[in-house]
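In the text below, chain A, chain B and the rest are named by the order of the sequence lines, each starting its count at 1.
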Amino acid sequence: MREENRYLTGKSIVNRQGIRTELCFLPLLIFLPFAVSIILLWSWYYRGFSMGCSDYDGELMLALIILIGNIVFDIPFVKSLVRSIHRK
Amino acid sequence: MDSIKFEVHWYRRVFHTFGSSFLVYYIIPDTGWSGILKRLIPTLIILFVSILEYLRITGKISSNYFFGLRVYEEKRVGSYLFFGVAVFILLLFFPQQIAVPCILCACFTDPIMGETRQRYGGKNACIAGFFVSMFFFIATWYRADIWIRLLVSIVGGTSAVIGEAKKNRWIDDDFMVQILPAVFILILWRMIGLTGLEMLPSPMIHPI
């Protein structure tokens with residue numbers, strides 16, 4: 001019965017139970033990196049920039065790397081997810 | 001079916017970029033309860049995932065519950081555990097200055113190389129991976145002297161690409177892309193340290 005649910009696409013295994021797991025993780029996968037970059041931005045602004053201290057500039061750089069890097073990959077992921085939901 | 005195939009591919013990419021969230025570790029204070037918890041929680045997560053993976057491989061939990069698992073991972077340890085173990089080792093046993101760019105390499109260089117390989121071939125993927133990794137080392141070591149920054153970025157970039165490109169049945173590229181540059185830079189740091197020079201810049205992330 002399970003084998004009927006399961007099929008191979010390219011090199012990955014896809015099945016209904018797995019899709020449920022994916023949907024459970026979805027909010028975490030998308031929002032946690034943004035939360036971390038916001039914490040880093042907050043830390044840079046309040047402890048560094050507003051105090052005139054350059055020690056925290058690295059946190060700004062990391063926040064931007066995390067933010068931009070995640071946006072670049074989240075957009076096609078969310079698009080593909082929306083597409084697959086509409087096709088069902 | 002095509003739509004789901006596409007989704008799996010991007011899901012794996014997003015799982016990589018999500019890994020950058022683990023850098024929150026360095027924001028948590030080292031003292032008191034938070035200091036204990038920041039070491040205890042990653043250990044428990046790795047233990048839990050290892051047990052889960054053991055149960056999956058031995059067939060006690062169906063692989064069907066693991067979305068996006070590769071076909072060759074069905075009978076061996078999944079790449080997500082390799083990724084987690086490497087992050088765990090870097091966070092707990094390496095200096096922050098070495099761990100941060102190596103984790104960034106796994107989070108962003110790996111998916112960028114994957115995308116470039118699919119569109120423009122393996123050679124271009126290695127070139128793109130090298131420059132992206134170099135950028136992470138240059139950006140995170142911005143406080144170091146220019147010659148150290150160049151040396152570290154070349155060593156880090158090269159070893160990250162080798163780590164990503166060379167994978168085998170027993171060690172996944174998600175592990176190698178992080179650990180290989182970290183080990184090379186650690187050796188470099190120790191060797192330069194013997195001459196009396198301090199290579200490591202000050203840490204980038206300060207605990208709250």
Side-chain angles (χ1 to χ4, degrees), chain A residues 2-3 5-23 25-26 28-37 39-40 42-43 47-48 55-59 61-62 64-81 83-88, chain B residues 1-28 62-74 96-97 100-101 103-104 107-109 111-112 115 132 135-136 138-143 201-208:
Chain A
R2 269 183 187 164
E3 284 305 310
N5 270 344
R6 196 180 125 196
Y7 42 88
L8 305 174
T9 60
K11 287 187 252 170
S12 297
I13 300 162
V14 179
N15 49 70
R16 284 181 195 164
Q17 291 103 320
I19 291 172
R20 259 182 249 137
T21 317
E22 184 225 348
L23 291 173
F25 275 117
L26 196 68
L28 193 74
L29 283 180
I30 293 180
F31 295 113
L32 194 62
F34 289 110
V36 172
S37 57
I39 293 170
L40 286 169
W42 171 86
S43 172
R47 300 196 294 170
D55 282 357
Y56 296 87
D57 290 351
E59 293 186 3
M61 204 164 355
L62 266 180
L64 292 176
I65 289 171
I66 294 172
L67 198 67
I68 295 166
N70 276 276
I71 288 172
V72 166
F73 284 96
D74 279 353
I75 290 171
F77 172 63
V78 172
K79 271 186 184 173
S80 77
L81 194 69
R83 243 196 317 267
S84 69
I85 288 167
H86 280 295
R87 279 181 195 173
K88 282 173 197 173
Chain B
M1 189 133 155
D2 285 345
S3 61
I4 295 174
K5 181 181 175 180
F6 193 60
E7 195 188 313
V8 174
H9 154 78
W10 285 113
Y11 181 74
R12 288 182 71 95
R13 304 275 185 252
V14 169
F15 218 98
H16 270 275
T17 59
F18 161 77
S20 57
S21 316
F22 295 123
L23 294 179
V24 77
Y25 175 89
Y26 293 116
I27 298 171
I28 302 165
S62 169
S63 290
N64 288 355
Y65 292 103
F66 294 77
F67 185 75
L69 208 64
R70 290 203 187 272
V71 175
Y72 61 80
E73 287 170 346
E74 220 181 346
Q96 190 200 119
Q97 297 89 325
V100 171
I103 293 172
L104 289 177
C107 296
F108 302 111
T109 304
I112 288 170
E115 279 305 304
V132 171
F135 165 73
F136 290 139
I138 288 172
T140 52
W141 283 60
Y142 75 103
R143 285 182 193 279
S202 55
M204 282 183 92
I205 309 174
H206 305 274
I208 291 173

In the structure I gave you, are the side-chain heavy atoms of A:Leu62 and B:Leu104 within less than 4.5 Å of one another anywhere? yes
Is chain A contacted by the side chain of B:Phe136, its backbone, both, or neither, given a heavy-atom distance below 4.5 Å? side chain
Of all heavy-atom pairs linking B:Phe108 and A:Ile66, the shortest is CZ-CA, 4.1 Å
Return the CD1 to CZ distance between A:Ile65 and B:Phe135, rounded to the nearest 0.5 Å. 4.5 Å
Nearest heavy-atom neighbours spanning B:Trp10 and A:Phe73: CZ3-CD2, 3.7 Å
Restricting to non-hydrogen atoms, name the atom on B:Ser21 and the atom on A:Val36 that form the minimum distance, rounded to 0.1 Å. O-CG2, 3.6 Å
Please classify the contact between B:Phe22 and chain A as side chain, backbone, both or neither, with a heavy-atom cut-off of under 4.5 Å. neither
Interface residue of largest heavy-atom contact number with chain A, from B:Ile112, B:Val100, B:Val14, under 4.5 Å: B:Val14
Counting only heavy atoms closer than 4.5 Å, note whether A:Phe34 contacts chain B via side chain, backbone, both or neither. neither
For B:Thr17 and A:Gly69 the tightest heavy-atom approach is CG2-O, 4.0 Å
To the nearest 0.5 Å, atom CZ of B:Phe18 lies from atom CG of A:Asp74 at 11.5 Å
Just checking B:Tyr142: does its OH atom have more than 12 heavy atoms from other residues, nucleotides or ligands closer to it than 6.0 angstrom? yes
What pairs of donor and acceptor atoms, side-chain ones from residues 201-208 of chain B against any protein atom, are under 3.5 angstrom apart with sequence neighbours left out?
unit_1	atom_1	unit_2	atom_2	d
B:His206	NE2	A:Asp55	O	3.1

Side-chain contact test, heavy atoms from C-beta onward, threshold under 4.5 Å: evaluate it for B:Ile27 versus A:Ser43 and give yes or no. no
